[in-house]
J.: 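The structure's right below; bear with me while I get my questions together.
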Amino acid sequence: MAAVKQRLEGIDHLRAVMSLFVVTWHMQGAGRSSIFSREAFSRHSFTLSDFVNFHLLLLAVPMFVFVSVYLYARQPPTVARLGDRLGRLAILATFWPVALIIYYARYSGLRHALPGSLTEGVRFVLRAGNSQYYFFPSLMLCLIAAHLFLILGRRTQAGVFVLSCALLAVLAPLTLLTGFAPLSAYWNPASFFPVAFAAALVARHEGFVDRHRTRMVVVSVVMAALLAVLEWRFLVGEVFFGGQSCALPCYARPSLLFSVVALALVALHPAVTSGPVVRFLSAHSLALFCLHPFFMPLLRKSRWAGEQAVGVERWAETLAVILVSYAAGMVLRRWYLKPELLA
C-alpha cells in the first residue's frame, strides 16, 4: 500500500508541473522563434526557446493523457468504470467550451459557432467547440482505445502498440506529402493513442518497470533526442500552419512519446514523494487548466513584435494568470460550481 501511495504522489508532481506548462505555452511565456512565422520559418535556427516550447511545455497534454490512462489501467477495465469516466469527461467537454464561447461572444456566439457541414462538425467535436479544451474529447477517445487495448492478449497488445507508434511516425510525413493539415493537427487524437497504450502497459507491468526503470529511462531519453533531431531536420513545413500556429507539428512527433515515457517513469518511482505545495498544485490542476483561458485576454497586455525573446513583463503576466486562476478555482469550487467541474 505504501508503494501504491508513493506512485500516486509521483502523479501529483506530473499534474502540478504539466498544468503550469499548459498556461506557459498559451501565454507564450518561453518566447517564440521564427518557427512561428510563415514568412521566416524557412530561415529558422533551433533556439533555447524552441527546446522549452516544443520539448518541455508541449509535454503537458500527452502527459495528462498518460496519467489519466495510467490511473484507469491500474484497476480492471469494466464498462461501468469506463462509462463513469466518459460521462464526466463529456460534461467537461460540453460545459467549458460553451462557457468560454458565451464569455467571449455572449449567447449569440453559440449560434455562430455551430458547424455547417459534417466535416466541420467532426472538427468542431474534436476541437471541443474550437476551444482550448480539445484535450477532453481526445482523452475520451484515448480511454476507449485503452479500454479495448487492455482486454487484448499480450502479443496483440504489443502489435497494436507498435502499429500506433508507426501511425504516429507517419502522420507528419503524410501531411507534407498530401498537404492535408488535419493529419498532424494539434487536436488530432491519433497523436495521443501511443501515449495511452504506453500508459496502459506501464500500469499493467509495474514489476517489470521497477526492475528495468533506469534502462528504460535511458533508452527513452536517447530515442527522444535522436528523433527530435530528425524532426527538426525533416518535419518543418508551411503546411503545418494549417493545424497549429507553427511550422512544426505540436504533437504528431514520436520524440514526445519517448519524452513522456521517460518523465513518467522517473515520477512514478516509489521513492518520489510530494509535499503540501505539490499536492495543492495537483489538486487544483484541473481548475487551472479550465479557467486560465478566461483570464488570458484580461492579463496579457504585452505584444510580440516579430521574433522576440520573452521578457519580465510576459513572465509576470503568466504568473498573474496562474495565480488568478487558482484563486478563482477555489472560489468557484466552494460556492458556485459543482466539484466535478473543477476537481
Side-chain angles (χ1 to χ4, degrees), residues 21 24-25 28 30-63 65-66 123 126-127 134 138 142 159-198 216-264 304 306-309:
F21 279 9
T24 305
W25 166 264
Q28 301 174 349
R32 63 179 187 176
S33 68
S34 56
I35 199 70
F36 290 89
S37 169
R38 286 179 180 269
E39 293 74 26
F41 79 89
S42 60
R43 302 186 299 274
H44 171 265
S45 296
F46 188 77
T47 66
L48 177 60
S49 171
D50 293 325
F51 174 76
V52 175
N53 277 322
F54 291 93
H55 299 284
L56 292 180
L57 300 184
L58 284 180
L59 290 176
V61 170
M63 185 63 78
V65 171
F66 186 101
R123 296 190 188 188
L126 292 178
R127 296 176 63 186
Y134 65 91
S138 288
C142 285
V160 170
F161 177 61
V162 171
L163 285 175
S164 70
C165 293
L167 174 61
L168 175 63
V170 301
L171 286 175
L174 282 177
T175 303
L176 288 170
L177 182 65
T178 64
F180 188 57
L183 284 173
S184 57
Y186 68 90
W187 45 265
N188 186 344
S191 299
F192 306 123
F193 288 149
V195 175
F197 298 150
M216 293 175 67
V217 170
V218 171
V219 170
S220 296
V221 170
V222 171
M223 288 297 297
L226 292 176
L227 288 168
V229 172
L230 294 176
E231 289 161 2
W232 283 98
R233 174 63 179 84
F234 297 107
L235 297 184
V236 174
E238 186 174 5
V239 65
F240 297 117
F241 282 105
Q244 45 258 309
S245 60
C246 47
L248 185 77
C250 286
Y251 300 121
R253 293 182 286 122
S255 66
L256 286 186
L257 168 63
F258 287 96
S259 297
V260 166
V261 170
L263 184 57
W304 296 108
E307 184 178 352
Q308 180 177 333

J.: Working to the nearest 0.5 Å, report the span between OG of Ser34 and CD of Glu39.
T.: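 One gets 11.0 Å once the value is rounded to the nearest 0.5 Å.
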
J.: Let me confirm one number: the CG-CG distance from Leu257 to Leu168, rounded to the nearest 0.5 Å.
T.: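 Rounded to the nearest 0.5 Å, the CG-CG separation comes out at 6.5 Å.
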
J.: Of all the heavy-atom pairs spanning Cys142 and Pro189, show the shortest one and how long it is.
T.: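 Closest approach of Cys142 to Pro189: SG-O, 4.5 Å.
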
J.: Evaluate the side-chain proximity of Leu263 to Met63: yes if any heavy-atom separation is below 4.5 Å, no if none is.
T.: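 The answer is yes; the side chains approach within 4.5 Å.
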
J.: Is there a side-chain contact between Phe41 and Leu248 in this structure, where contact means two heavy atoms from C-beta onward sitting under 4.5 Å apart?
T.: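 The answer is no; the side chains never approach within 4.5 Å.
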
J.: Quick one, Asn188 with Leu126, criterion side-chain contact (heavy atoms from CB on, under 4.5 Å). Give me CA distance, side-chain angles, the key distance, then yes/no.
T.: CA-CA 7 Å; Asn188 186 344; Leu126 292 178; 5.9 Å; no

J.: Do Tyr251 and Leu58 touch side chain to side chain, with heavy atoms closer than 4.5 Å?
T.: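 When only atoms from C-beta onward are counted, Leu58 and Tyr251 do touch, with a gap below 4.5 Å.
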
J.: Starting at OG of Ser164, measure out to CZ of Phe193 and round the result to the nearest 0.5 Å.
T.: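 One gets 9.5 Å once the value is rounded to the nearest 0.5 Å.
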
J.: Could you pull out the closest heavy-atom pair between Ala181 and Gly243, with the gap in Å?
T.: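 The answer is CB-N, 3.9 Å.
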
J.: Going by the rule ring-ring contact (aromatic ring centres under 6.0 Å, His included), which residues pair with Phe46 if we only count those two or more places apart in sequence or in a different chain?
T.: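 Checked Phe46 against ring-ring contact (aromatic ring centres under 6.0 Å, His included); matches are Trp232.
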
J.: Between the main-chain N or O of Ala30 and the side-chain N or O of Ser49, is there a donor-acceptor pair closer than 3.5 Å?
T.: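 Answer holds: yes.
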
J.: For the pair Asn53 and Trp25, evaluate side-chain contact (heavy atoms from CB on, under 4.5 Å) and give the outcome as yes or no after the intermediate values.
T.: CA-CA 7 Å; Asn53 277 322; Trp25 166 264; 3.7 Å; yes

J.: Is the shortest heavy-atom distance from the side chain of Phe240 to the side chain of Leu176 under 4.5 Å?
T.: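 In short, these two side chains touch, coming nearer than 4.5 Å.
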
J.: Quick one: closest heavy-atom pair of Ala252 and Ser184, and the distance?
T.: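 Nearest heavy atoms, Ala252 then Ser184: CB-CB, 3.6 Å.
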
J.: Please report the closest heavy-atom contact between Val195 and Pro62, naming both atoms and the distance.
T.: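 Where Val195 meets Pro62 most closely, the heavy atoms are CG1-O, 3.2 Å.
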
J.: What is the distance from atom CZ of Phe66 to atom CG of Leu59, rounded to the nearest 0.5 Å?
T.: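 If we round to the nearest 0.5 Å, Phe66:CZ and Leu59:CG are 12.0 Å apart.
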
J.: Measuring only between side-chain heavy atoms, which start at C-beta, is Phe54 closer than 4.5 Å to Ile35?
T.: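 Side chain of Phe54 against side chain of Ile35, heavy atoms only: contact under 4.5 Å found.
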
J.: Atom CZ of Phe258 and atom SG of Cys165: how far apart are they, to the nearest 0.5 Å?
T.: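 Reported to 0.5 Å precision, the distance equals 6.0 Å.
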
J.: NE2 of His44 to OG of Ser37: how many Å apart, nearest 0.5 Å?
T.: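 It comes to 10.5 Å.
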
J.: Test Ser138 against Val65 for side-chain contact (heavy atoms from CB on, under 4.5 Å), laying out the working first.
T.: CA-CA 9 Å; Ser138 288; Val65 171; 5.8 Å; no

J.: Please assess His55 against Ser259 for the test side-chain contact (heavy atoms from CB on, under 4.5 Å), listing each intermediate value before the final yes or no.
T.: CA-CA 8 Å; His55 299 284; Ser259 297; 5.5 Å; no

J.: Under 4.5 Å between any side-chain heavy atoms of Pro249 and Thr175, yes or no?
T.: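 Sidechains of Thr175 and Pro249: no contact.
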
